[in-house]
Q: 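For reference, the structure I am asking about is given below.
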Amino acid sequence: QVQLVESGGGLVQTGGSLTLSCAASGSILAIPAMAWYRQAPGKQRELVAGISKSGRTVYPTSVAGRFTISRDNAKNTVYLQMISLKPEDTGVYYCNRGSLGPSGRYYPSAYWGQGTQVTVSF
């Protein structure tokens, strides 16, 4: 099974930027879709970006225009570029492999990375 390893988290001030990476242990060419989720303390894990094999992307309104997901199939890596960060973006960010339906709904699998912490200070 392809394993996922996230990196790139850290502490950043409000308005700052970060780019997260999700490195897969094998080829991601055949994976239908991949996504980034985040989980804040005491809250449920939520989708922040998804990307299909063809490059179609989906974002919730809370991050649209600020977050950009991309995939580099040659490097077996998925990225999440985050700009204009807000304190409410704080959380552990996880990478997931799954599928993206025609309506834009992302269907996660049981395969998650270990997560990377993002903290946005006031």
Side-chain angles (χ1 to χ4, degrees):
Q1 297 289 350
V2 173
Q3 295 185 335
L4 307 172
V5 179
E6 301 94 335
S7 62
L11 174 64
V12 64
Q13 291 185 331
T14 296
S17 304
L18 277 176
T19 297
L20 307 182
S21 299
C22 171
S25 60
S27 175
I28 64 172
L29 279 174
I31 297 177
M34 296 190 71
W36 285 94
Y37 281 70
R38 70 182 175 202
Q39 187 166 22
K43 294 189 177 181
Q44 289 189 330
R45 198 171 293 189
E46 61 175 351
L47 176 75
V48 295
I51 186 167
S52 72
K53 187 166 55 173
S54 64
R56 183 163 62 103
T57 57
V58 293
Y59 305 93
T61 54
S62 58
V63 307
R66 299 189 299 119
F67 289 12
T68 302
I69 188 172
S70 60
R71 59 193 289 168
D72 186 334
N73 292 332
K75 295 183 178 180
N76 297 321
T77 301
V78 176
Y79 302 97
L80 183 68
Q81 294 178 286
M82 306 182 292
I83 65 171
S84 302
L85 284 163
K86 306 174 181 180
E88 52 263 43
D89 294 319
T90 294
V92 180
Y93 283 68
Y94 297 92
C95 186
N96 179 266
R97 50 176 294 185
S99 59
L100 192 60
S103 65
R105 179 176 176 178
Y106 181 81
Y107 296 88
S109 71
Y111 299 100
W112 299 87
Q114 84 290 347
T116 186
Q117 176 71 46
V118 172
T119 303
V120 185
S121 64
F122 287 92

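Residues: numbered from 1 along the sequence shown. The shown structure was predicted, so the numbers you read here are calculated from the model rather than taken from an experiment.
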Q: Decide if atom OH of Y79 counts as having more than 12 heavy atoms of other residues, nucleotides or ligands within a radius under 6.0 Å.
A: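 It does: Y79 OH has more than 12 such atoms within range.
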Q: Over 60° means perpendicular and under 30° means parallel, so classify the ring planes of F67 and Y93, tilted if in between.
A: tilted
Q: Compare every heavy atom of G104 with every heavy atom of V58, then report the nearest pair and how far apart it is.
A: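 Shortest heavy-atom separation between V58 and G104 comes out as CG1-O, 3.5 Å.
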Q: Would you name the heavy atoms of N73 and R71 that are closest together and state the gap between them?
A: OD1-NE, 3.2 Å
Q: For V120, give me all partners under side-chain contact (heavy atoms from CB on, under 4.5 Å), at least two apart in sequence or on another chain.
A: V12, T14, L85, P87, D89, T90, V118
Q: How far apart are the closest heavy atoms of A49 and P60, and which atoms are they?
A: N-CD, 4.5 Å
Q: With side chains defined as the heavy atoms from C-beta onward, is the minimum distance between Y94 and L4 less than 4.5 Å?
A: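 No. Closest side-chain heavy atoms not under 4.5 Å.
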Q: Check for me, please, whether L80 and V63 land in the same ILVMFWY cluster - side-chain distances under 4.5 Å, paths through other members count.
A: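 Same hydrophobic cluster.
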Q: Are V78 and L100 connected in a single hydrophobic cluster, I mean Ile/Leu/Val/Met/Phe/Trp/Tyr linked by side-chain heavy atoms less than 4.5 Å apart?
A: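 No; tracing contacts between hydrophobic side chains, which count when under 4.5 Å, never links both residues.
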Q: Is it the case that more than 12 heavy atoms not belonging to Q44 sit under 6.0 Å from its CD atom?
A: no
Q: V48 and L18: same hydrophobic cluster, using ILVMFWY side-chain contacts below 4.5 Å?
A: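 Yes, V48 and L18 fall within the same hydrophobic cluster.
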Q: Closest heavy-atom contact between C95 and M34?
A: SG-CE, 3.8 Å
Q: Count the heavy atoms of every other residue, nucleotide or ligand shown that sit under 6.0 Å from CD of Q39, and state whether that count exceeds 12.
A: yes
Q: For A24 and I28, work out which heavy atoms get closest and say how close.
A: CB-CG2, 3.4 Å
Q: If two hydrophobic side chains count as joined below 4.5 Å and joins carry through other members, does L20 share a cluster with V2?
A: yes
Q: Under the criterion side chain to side chain donor-acceptor pair (under 3.5 Å), which of Y106, Y37, W36, Y107 is the partner of N96?
A: Y106
Q: Side chains of S7 and T116: does their closest heavy-atom pair fall under 4.5 Å?
A: no
Q: Can you confirm whether T119 sits close enough to Q117 that some side-chain heavy atom of one is under 4.5 Å from a side-chain heavy atom of the other?
A: yes
Q: Under 4.5 Å between any side-chain heavy atoms of S17 and Q81, yes or no?
A: no
Q: Can you list every salt bridge (charged side-chain N to carboxylate O under 4.0 Å, His left out) pair that touches residues 42-59, not counting sequence neighbours?
A: R38-E46
